[in-house]
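By convention here, the first residue in the shown sequence is residue 1.
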Amino acid sequence: MTDIKRMNPLKYRSIFISDVHLGFRGCQASLVLDFLQSTECKQLYLVGDIVDIWAMKNGVYWPEAHNQVVREVLDKAKRGTEVIYTPGNHDELFRTHLGADFGNVAVREEVIHTTADGRRFLVMHGDAFDAVVQNGKWLAMIGARAYDGLLMLNGLVSRIRQGLGLDYWSLAGYLKHKVKNAVSYIGNFETAVAGEAERRQVDGMICGHIHHAEMREIAGVAYCNCGDWVESCTALVEHHDGRLELLRWTDAYPQPASIEQERFALARAG
């Protein structure tokens, strides 16, 4: 970790990240690490699919950058950050440890988060609202492999654009939001999540799963999706007054730069 980021971190009350997919070749681990090293918070929520066990069934891929992300999370826990891990479908193996506390890391199926301004949010990964995952796991895994292939191509496009000095752009995200069925799926998922929040009589829901960062009101409740660190590189953060905000980390760091350039870019973005 760079000392300058420790000396001048972005400080939030709570941070929510999901769909990091460590162990998958499309994971933007360097950006995840950069984000974690550049921020401090009281509570860090890992909202599922942090580790991609599905991807590793086809061969283990675990470079040093992925180790560094894990170490950074554990270091935060040691320094007093409360880490809450709500596993998803890609890391469902960790659901065998629901209710366990490993040091300052709590593994839970779901939790209620209360913001500084008193609002109550149900936090969970969100695969429970995905009819394909719940009713046809074999079909979901076939779809995941096709999607993984698209994300691998996405990484190639990203490296080419980086070599040309262009900003980060997600081919996978672009295609997903151009395909009618994908747009319909996202809308149905969001409606189902909002309906559950209303049924539970909470103010909103915070989830991940569909790799589509969003924060809006649906049927009188707040729908918040923290996005992912494969396509969009986003996080949901809570400020100390309870205000929620979506951060797109690639807007702050569009391409690799020196530490001084990075901090200057971050100051401008903030």
Side-chain angles (χ1 to χ4, degrees), residues 13-24 32 41-57 69-70 73-74 76-77 81-115 119-138 140-141 144 186 188-215 218 221-230 234-238 244:
R13 184 172 184 264
S14 305
I15 291 175
F16 306 80
I17 61 173
S18 70
D19 298 272
V20 175
H21 290 277
L22 296 171
F24 172 59
V32 181
C41 59
K42 178 182 177 182
Q43 294 170 309
L44 172 62
Y45 289 87
L46 307 176
V47 193
D49 286 3
I50 303 304
V51 178
D52 195 334
I53 296 172
W54 283 16
M56 288 191 287
K57 288 179 180 179
V69 170
V70 174
V73 170
L74 295 178
K76 284 182 178 296
T81 298
E82 182 184 2
V83 180
I84 303 96
Y85 185 9
T86 62
N89 51 305
H90 282 253
D91 52 9
E92 62 186 350
L93 179 65
F94 294 102
R95 285 175 171 162
T96 61
H97 300 289
L98 293 176
D101 295 302
F102 300 96
N104 211 25
V105 178
V107 183
R108 302 290 187 268
E109 179 72 20
E110 60 182 52
V111 291
I112 297 291
H113 172 77
T114 303
T115 60
R119 290 177 295 163
R120 298 170 67 247
F121 284 81
L122 179 62
V123 183
M124 60 192 307
H125 180 62
D127 58 297
F129 305 99
D130 188 332
V132 174
V133 172
Q134 292 303 303
N135 298 325
K137 186 171 181 179
W138 65 271
M141 294 191 73
I186 291 170
N188 291 340
F189 177 87
E190 293 175 345
T191 300
V193 168
E196 180 67 10
E198 183 179 19
R199 188 183 72 82
R200 298 280 197 102
Q201 296 184 322
V202 293
D203 296 293
M205 175 87 84
I206 297 172
C207 63
H209 186 55
I210 61 171
H211 293 206
H212 181 65
E214 184 67 85
M215 188 170 63
I218 303 175
V221 299
Y223 169 83
C224 302
N225 193 303
C226 10
D228 68 282
W229 291 85
V230 177
T234 52
L236 181 72
V237 298
E238 179 195 357
L244 296 175

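The distance from atom CE of M124 to atom SG of C207, rounded to the nearest 0.5 Å, is 9.0 Å. Annotation: the span from E214 atom CD to N225 atom CG amounts to 8.0 Å, rounded to 0.5 Å. Distance check: I218 CD1 to T191 OG1 gives 5.5 Å after rounding to the nearest 0.5 Å. Note that CG of L46 and CZ of F94 are 10.5 Å apart. Values are rounded to the nearest 0.5 Å. How far CZ of F121 is from OG1 of T114: 10.0 Å, rounded to the nearest 0.5 Å. With rounding to the nearest 0.5 angstrom, the CG atom of L122 is 4.5 Å from the CD1 atom of I112.
Each of K42, K76, Q43 was checked for a side chain to side chain donor-acceptor pair (under 3.5 Å) with E82, and the lone residue meeting it is Q43. With respect to H125, the side chain to side chain donor-acceptor pair (under 3.5 Å) criterion is satisfied by exactly one of D91, N89, T86: N89.
The side-chain heavy atoms of Y45 and I17, taken from C-beta on, include no pair separated by under 4.5 Å. Using a 4.5 Å heavy-atom threshold, the side chains of F129 and E190 count as separate. With a 4.5 Å cut-off on side-chain heavy atoms, V47 and Y85 do not count as touching. Between P87 and E92, every side-chain heavy-atom pair lies at or beyond the 4.5 Å cut-off. Counting only heavy atoms from C-beta outward, the side chains of C41 and T81 approach each other to under 4.5 Å. V202 has its side chain out of reach of V221: every pair of non-hydrogen atoms, C-beta onward, lies at least 4.5 Å apart.
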Inset, instruction - Check the pair F16 / H113 against ring pair (Phe, Tyr, Trp, His ring centres under 6.0 Å), numbers first and verdict last. - result: CA-CA 11 Å; F16 306 80; H113 172 77; 5.3 Å; yes

Inset, instruction - Please lay out, stage by stage, how L44 and I84 fare under the test side-chain contact (heavy atoms from CB on, under 4.5 Å). - result: CA-CA 6 Å; L44 172 62; I84 303 96; over 6 Å; no

Inset, instruction - For side-chain contact (heavy atoms from CB on, under 4.5 Å), just list the numbers for V237 and L244, CA-CA rounded to whole Å, side-chain angles, deciding distance to a tenth of an Å, and then say yes or no. - result: CA-CA 6 Å; V237 298; L244 296 175; over 6 Å; no

Inset, instruction - Please step through side-chain contact (heavy atoms from CB on, under 4.5 Å) for the pair V73 and V83, ending with a clear verdict. - result: CA-CA 8 Å; V73 170; V83 180; 4.2 Å; yes

Inset, instruction - Test L22 against V69 for side-chain contact (heavy atoms from CB on, under 4.5 Å), laying out the working first. - result: CA-CA 9 Å; L22 296 171; V69 170; 4.1 Å; yes

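Of the possible donor and acceptor atoms, none in the side chain of D228 sits under 3.5 Å from a partner among the backbone N and O of S18. Remark: the backbone N or O of H209 is paired with a side-chain donor or acceptor of D19 at under 3.5 angstrom.
Between T234 and G227 the shortest heavy-atom distance is OG1-CA, 3.3 Å. Listed here is the closest heavy atom pair of D127 and G88: OD1-CA, 4.0 Å.
Under the salt bridge (Lys or Arg N to Asp or Glu O under 4.0 Å) criterion, E196 pairs with R199, R200, sequence neighbours left out. In this view, R13 and E238 satisfy the salt bridge (Lys or Arg N to Asp or Glu O under 4.0 Å) rule, not counting sequence neighbours. Applying the side-chain hydrogen bond (donor to acceptor under 3.5 Å, both in side chains) criterion to T115, with sequence neighbours excluded, gives D117. The salt bridge (Lys or Arg N to Asp or Glu O under 4.0 Å) search around E109 returns R95, not counting sequence neighbours. Residues satisfying the side-chain hydrogen bond (donor to acceptor under 3.5 Å, both in side chains) test with E198, not counting sequence neighbours, are none. Not counting sequence neighbours, the partners of H21 by the ring pair (Phe, Tyr, Trp, His ring centres under 6.0 Å) test are H90, H211.
Taking 4.0 Å as the cut-off between side-chain N and carboxylate O, R108 and D101 count as a salt-bridged pair.
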